[in-house]
Every structure is written in C-alpha cells, then in structure tokens.
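Data first, discussion second: the structure below is written as structure tokens.
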Amino acid sequence: MELAHLPETAGPVLLGLARDALRTRLLDAPAASAPTEPWLDAALACFVTLTVDGELRGCIGGLRPGDRLRDEVPRKAVQAALEDPRFSPLPPSEIDAVRLEVSVLGPLEPLSVGSRSELEAALVPGRDGVLLEAGHRQGTFLPQVWDNLPTPTRFLDALWRKTGLGSREWPAELRVLRYGVRCWEEPEDRS
C-alpha cells in the first residue's frame with residue numbers, strides 16, 4: 001500500500017491505537033474495541049513519538065515494513081514509552097501529559113550521491129526523511145526533524161553525529177536512502 005492510499009481518517013485511528021496501547025499497558029485499562037478498517041492490515045513501516053511539553057520523551061520505530069499497522073503502531077507506542085534507551089520508562093502518572101505522534105513511512109529510496117554537497121543539494125527540507133548506513137552504523141531522522149534543523153547542513157551535521165561518523169567523513173561504504181512520511185499528531189488540548 002502506498003502512503004497516498006491511506007485514508008484521511010487514518011490519523012485518528014492510528015493515534016487511537018497508540019493511545020489505547022499505552023493506557024492498556026501502563027494503567028491496566030481495558031482495551032478499546034479494535035478498529036476494523038482493512039487498510040490497517042497493510043505492512044508499512046512506522047514510528048511512534050512521545051513528547052511532553054514539546055520535549056521528546058520517547059521515539060521508537062522501524063524503517064522497513066514489519067507487521068500490520070494494527071499490530072505495529074501499538075507495539076511501537078509501548079516501546080517508545082518503556083524501552084527507548086535515552087529515557088527512563090514513562091510512569092503511569094505521566095500518561096495524560098504525553099502527546100503522541102504516529103508517522104507511517106513510505107518506501108526507502110536510495111540516493112546516488114558521492115559527497116555531502118551532492119546530498120545537501122538532493123534533499124528537500126521538510127519533506128525528506130534520511131537514513132544513513134555505513135558498515136554497522138545506522139542513523140535516521142524523520143522529516144519532522146527539519147523543524148528544528150531547517151538547513152541541509154545543520155540537518156546532516158546532526159545526522160552524521162547521530163550515526164557516529166566524523167563531521168565531514170564520507171565513508172566509502174556509505175549508503176544514503178530517503179523516504180517520505182504521513183504524520184499525525186494528537187492536538188495539544190485533548191480534553
């Protein structure tokens with residue numbers, strides 16, 4: 001399934017799956033009835049991001065299609081809350097303060113570039129997610145990261161650091177892939 005084929009109603013359904021998974025796992029709340037939309041059976045890569053007061057609180061995802069969205073989104077939501085190694089597990093008392101974002105990824109597209117300057121010229125800020133693979137190292141930024149790092153130079157400098165590469169190093173085995181996303185975020189005021 002292509003991202004363009006996801007219906008306009010996908011956002012509330014996916015966010016509901018993620019929120020319900022957190023409430024069920026952290027609060028032992030009963031699970032809501034499972035949505036029946038057939039598009040949820042598509043195997044698409046996704047990320048779930050948690051923020052509190054605009055600050056990252058957890059983010060877990062996959063870059064390649066795994067299970068069906070109906071299974072992946074709840075799993076990634078719980079992993080982002082409890083298993084992101086950058087953060088302590090989310091306590092039940094914080095669940096209402098967390099704002100969820102679900103990103104569904106399009107296919108990975110290899111970029112034929114041979115230098116940082118070529119890569120900077122090939123990227124579309126705000127649209128492109130980027131995956132770097134160099135040997136056993138890997139790092140990615142979702143397109144949403146452009147909000148905080150709005151120029152290709154700043155975006156790639158930070159991604160290079162995240163991947164564990166020298167600031168201007170271009171490893172011979174470097175593989176660069178780009179991808180798009182469809183992203184939905186809970187409103188700030190969910191009451």
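Positions are given from 1, in the same order as the sequence printed here. Source: prediction; values computed, not measured.
- Every residue meeting the salt bridge (charged side-chain N to carboxylate O under 4.0 Å, His left out) condition with Asp41, not counting sequence neighbours, appears here in chain and number order: Arg68, Arg70.
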Hey, can you pull the donor-acceptor pairs under 3.5 Å for the side chains in residues 100-113, sequence neighbours left out?
from	atom 1	to	atom 2	distance (Å)
Glu101	OE2	Gln144	NE2	3.0
Ser103	OG	Gln144	NE2	2.7
Glu109	OE2	Arg178	NH2	3.4

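- In this structure, Leu3 and Gly180 approach most closely via the heavy-atom pair CD1-O, 3.8 Å.
- When all heavy atoms are compared, the tightest approach of Thr24 to Ala31 is OG1-CA, 3.6 Å.
- For Ser117, the side-chain hydrogen bond (donor to acceptor under 3.5 Å, both in side chains) test picks out Ser115, with sequence neighbours left out.
- When all heavy atoms of Cys46 and Val73 are compared, the closest pair comes out as SG-CG2, 4.0 Å.
- Residues satisfying the side chain to side chain contact (heavy atoms under 4.5 Å, CB included) criterion with Ala134, sequence neighbours excluded, are Leu165, Pro171, Glu173, Leu174.
- Taking Asp157 as the reference, Arg116 meet the side-chain hydrogen bond (donor to acceptor under 3.5 Å, both in side chains) condition, with sequence neighbours excluded.
- Looking only at side-chain heavy atoms (C-beta outward), Asp71 and Leu40 stay at 4.5 Å or farther from each other.
- Cluster membership for Leu142 and Leu159, using ILVMFWY side-chain heavy atoms within less than 4.5 angstrom, is not shared.
- Hydrophobic side-chain contacts under 4.5 Å tie Ile60 to no other Ile, Leu, Val, Met, Phe, Trp or Tyr residue.
- The minimum heavy-atom distance between Ala21 and Val78, with the atom names listed, is O-CG2, 3.8 Å.
- Asp84 meets the salt bridge (charged side-chain N to carboxylate O under 4.0 Å, His left out) test with Arg86; sequence neighbours excluded.
- Evaluation of the salt bridge (charged side-chain N to carboxylate O under 4.0 Å, His left out) rule for Glu37 yields no partner, not counting sequence neighbours.
- Nearest heavy-atom pair, Ala10 versus Trp184, reported as atom, atom and distance to 0.1 Å: CB-CZ2, 4.0 Å.
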Residues 145-152 side chain polar contacts: donor-acceptor under 3.5 Å, at least two apart:
from	atom 1	to	atom 2	distance (Å)
Trp146	NE1	Asp128	O	2.8
Thr151	OG1	Arg154	N	3.2

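- For the atom pair CG of Leu123 and CG of Leu156, the computed distance is 5.5 Å after rounding to the nearest 0.5 Å.
- Here the side chains of Val181 and Phe47 are not in contact, with every heavy-atom distance at 4.5 Å or above.
- If you take CG on Leu44 and CG on Leu14, they are separated by 9.5 Å, rounding to the nearest 0.5 Å.
- The side-chain hydrogen bond (donor to acceptor under 3.5 Å, both in side chains) check on Arg75 picks up Asp67, Glu72, with sequence neighbours excluded.
- Looking only at distances, no side-chain donor or acceptor of Glu94 sits under 3.5 Å from a matching main-chain atom of Leu90.
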May I have the list of side-chain donor-acceptor pairs in residues 48-59 shorter than 3.5 Å, sequence neighbours left out?
from	atom 1	to	atom 2	distance (Å)
Arg57	NH1	Ser88	O	2.8
Arg57	NH2	Ser88	O	3.1
Arg57	NH2	Pro89	O	3.4

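- Side chains of Leu82 and Arg25 form a contact here, defined as non-hydrogen atoms less than 4.5 Å apart.
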Exercise. Would you please test Val176 and Val130 for side chain to side chain contact (heavy atoms under 4.5 Å, CB included) and show each step?
Key: CA-CA 7 Å; Val176 181; Val130 178; 4.2 Å; yes

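- Looking at Thr163 and Phe141, their side chains never come closer than 4.5 Å, going by heavy atoms from C-beta outward.
- The two atoms that bring Leu131 and Tyr179 nearest to each other are N-CE2, 4.2 Å, heavy atoms only.
- Residues Arg23 and Asp96 meet the side-chain proximity criterion, which asks for heavy atoms closer than 4.5 Å.
- A 4.5 Å side-chain heavy-atom check between Pro125 and Phe155 finds every atom pair outside the cut-off.
- Legend: residues meeting side-chain hydrogen bond (donor to acceptor under 3.5 Å, both in side chains) with Arg175, ordered by chain and number and at least two apart, are Glu133.
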